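Have a look at the structure below, then the notes.
Only a predicted model underlies this, so the values are computations on that prediction, with no experimental measurement involved. In what follows, residues are counted from 1 in the order of the sequence shown.
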Amino acid sequence: MIRRMQQADLAGAAELERRYFSMPWSQKQLQESLENPDYLFLVLEREGKVAGYAGLIQAAEEGDITNVVLAEECRGAGLGKALVAALLEEGEKRGIREFTLEVRVSNTLAVHVYEALGFVKEGIRKRFYEKPSEDAWIMWKRDGSGSLFL
């Protein structure tokens with residue numbers, strides 16, 4: 001089940017951060033973001049536990065996807081794609097017309113998921129990631145106008 005993140009989900013989300021990210025968000029950072037109305041977080045719940053989550057921050061009509069993580073045992077079944085698709089849908093309900101994200105250049109599985117959802121590589125952020133240092137693809141899903149400046 002995919003649903004909005006709640007306070008009770010913070011410990012599970014923080015645990016996923018610790019398990020899968022080299023520079024994880026702390027539970028406190030997640031808490032502060034959850035309380036900020038500009039953020040939107042969804043969780044994937046399986047068997048009563050947080051098995052994944054995705055989040056974005058909204059600035060006017062743009063959404064910057066900040067976090068996407070899925071427990072390893074849930075990967076390969078289309079659940080990550082469903083989670084991000086749900087995040088995009090909820091973002092659109094909030095008036096977001098264009099979405100962006102960064103993803104490690106080596107994370108080809110995630111890149112394919114994002115491309116399948118309509119994201120396009122538009123640039124590189126050199127040494128964006130640490131531990132290990134790695135470049136990031138900058139990807140955008142636009143409303144079809146082809147430009148942020150209308």
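- In this structure, Asp9 CG and Leu30 CG are separated by 10.5 Å, a value rounded to the nearest 0.5 Å.
- Side-chain atoms of Met5 and Leu40, non-hydrogen and from C-beta on, never get closer than 4.5 Å to each other.
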Kindly list each side-chain donor-acceptor pair under 3.5 angstrom involving residues 66-79, sequence neighbours excluded, with atom names and distances?
{"from": "Thr66", "atom 1": "OG1", "to": "Gly55", "atom 2": "O", "distance (Å)": "3.3"}
{"from": "Asn67", "atom 1": "ND2", "to": "Glu17", "atom 2": "OE2", "distance (Å)": "2.9"}
{"from": "Asn67", "atom 1": "ND2", "to": "Tyr53", "atom 2": "OH", "distance (Å)": "2.9"}
{"from": "Arg75", "atom 1": "NE", "to": "Leu70", "atom 2": "O", "distance (Å)": "2.8"}
{"from": "Arg75", "atom 1": "NH2", "to": "Leu70", "atom 2": "O", "distance (Å)": "2.7"}

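- The two residues Lys81 and Ala116 come nearest to each other via the heavy atoms NZ-CB, 3.9 Å.
- To the nearest 0.5 Å, the span separating CD1 on Ile138 from CD on Glu122 amounts to 8.5 Å.
- Partners of Tyr39 under the ring pair (Phe, Tyr, Trp, His ring centres under 6.0 Å) rule, at least two apart in sequence or in another chain, are Phe41.
- Here NZ of Lys28 is found 13.5 Å from CG of Leu10. Values are rounded to the nearest 0.5 Å.
- Identified under the ring-ring contact (aromatic ring centres under 6.0 Å, His included) test for residues 103-122, with sequence neighbours left out: Tyr114-Phe119.
- Take Glu35 and apply the side-chain hydrogen bond (donor to acceptor under 3.5 Å, both in side chains) test, not counting sequence neighbours, and it matches Gln31.
- The two residues Leu83 and Val43 have their closest heavy-atom pair at CD1-C, 4.2 Å.
- The list of salt bridge (charged side-chain N to carboxylate O under 4.0 Å, His left out) pairs with a residue in residues 103-115, not counting sequence neighbours, reads Arg104-Glu134, Glu115-Lys121.
- Closest heavy-atom contact between Ala60 and Gln58: O-NE2, 2.9 Å.
- With side-chain heavy atoms closer than 4.5 Å counting as contact, directly or through intermediates, the hydrophobic cluster containing Phe128 also holds Tyr129.
- Residues meeting the salt bridge (Lys or Arg N to Asp or Glu O under 4.0 Å) test with Asp64, sequence neighbours left out: none.
- Hydrophobic clustering, defined by side-chain heavy atoms of Ile, Leu, Val, Met, Phe, Trp and Tyr closer than 4.5 Å, leaves Val120 isolated from every other such residue.
- The CG atom of Leu88 sits 5.0 Å away from atom CD1 of Ile65, with the distance rounded to the nearest 0.5 Å.
- To the nearest 0.5 angstrom, Met139 atom CE is 11.5 Å from Glu102 atom CD.
- Residues passing the salt bridge (Lys or Arg N to Asp or Glu O under 4.0 Å) test with Lys93 are Glu89, Glu90, sequence neighbours excluded.
- The minimum heavy-atom distance linking Val103 with Asn107 is given by the pair CG2-CB, 4.0 Å.
- Of all non-hydrogen atoms in Gln7 and Leu34, the two that sit nearest each other are NE2-CD2, 3.8 Å.
- Residues Leu101 and Val84 fail the side-chain proximity criterion, which asks for heavy atoms closer than 4.5 Å.
- Within the 3.5 Å criterion, the main-chain N or O of Pro132 finds no donor-acceptor partner in the side chain of Ser22.
- Under a hydrophobic-cluster definition in which Ile, Leu, Val, Met, Phe, Trp and Tyr are linked whenever side-chain heavy atoms come within less than 4.5 Å, directly or via other members, Ile57 and Phe21 are assigned to the same cluster.
- Here the closest non-hydrogen pair linking Asp135 and Lys126 is OD1-CA, 3.3 Å.
- For the side-chain contact (heavy atoms from CB on, under 4.5 Å) test, residues two or more places apart in sequence or in another chain that qualify with Ala82 are Ile2.
- Under the salt bridge (Lys or Arg N to Asp or Glu O under 4.0 Å) criterion, Arg18 pairs with Glu15, not counting sequence neighbours.
- Among residues at least two apart or in separate chains, salt bridge (charged side-chain N to carboxylate O under 4.0 Å, His left out) pairs with a member in residues 44-54 are Arg3-Glu45.
- Placement of Leu44 and Leu56 within a single hydrophobic cluster is found when ILVMFWY residues are connected by side-chain heavy-atom separations under 4.5 Å, directly or transitively.
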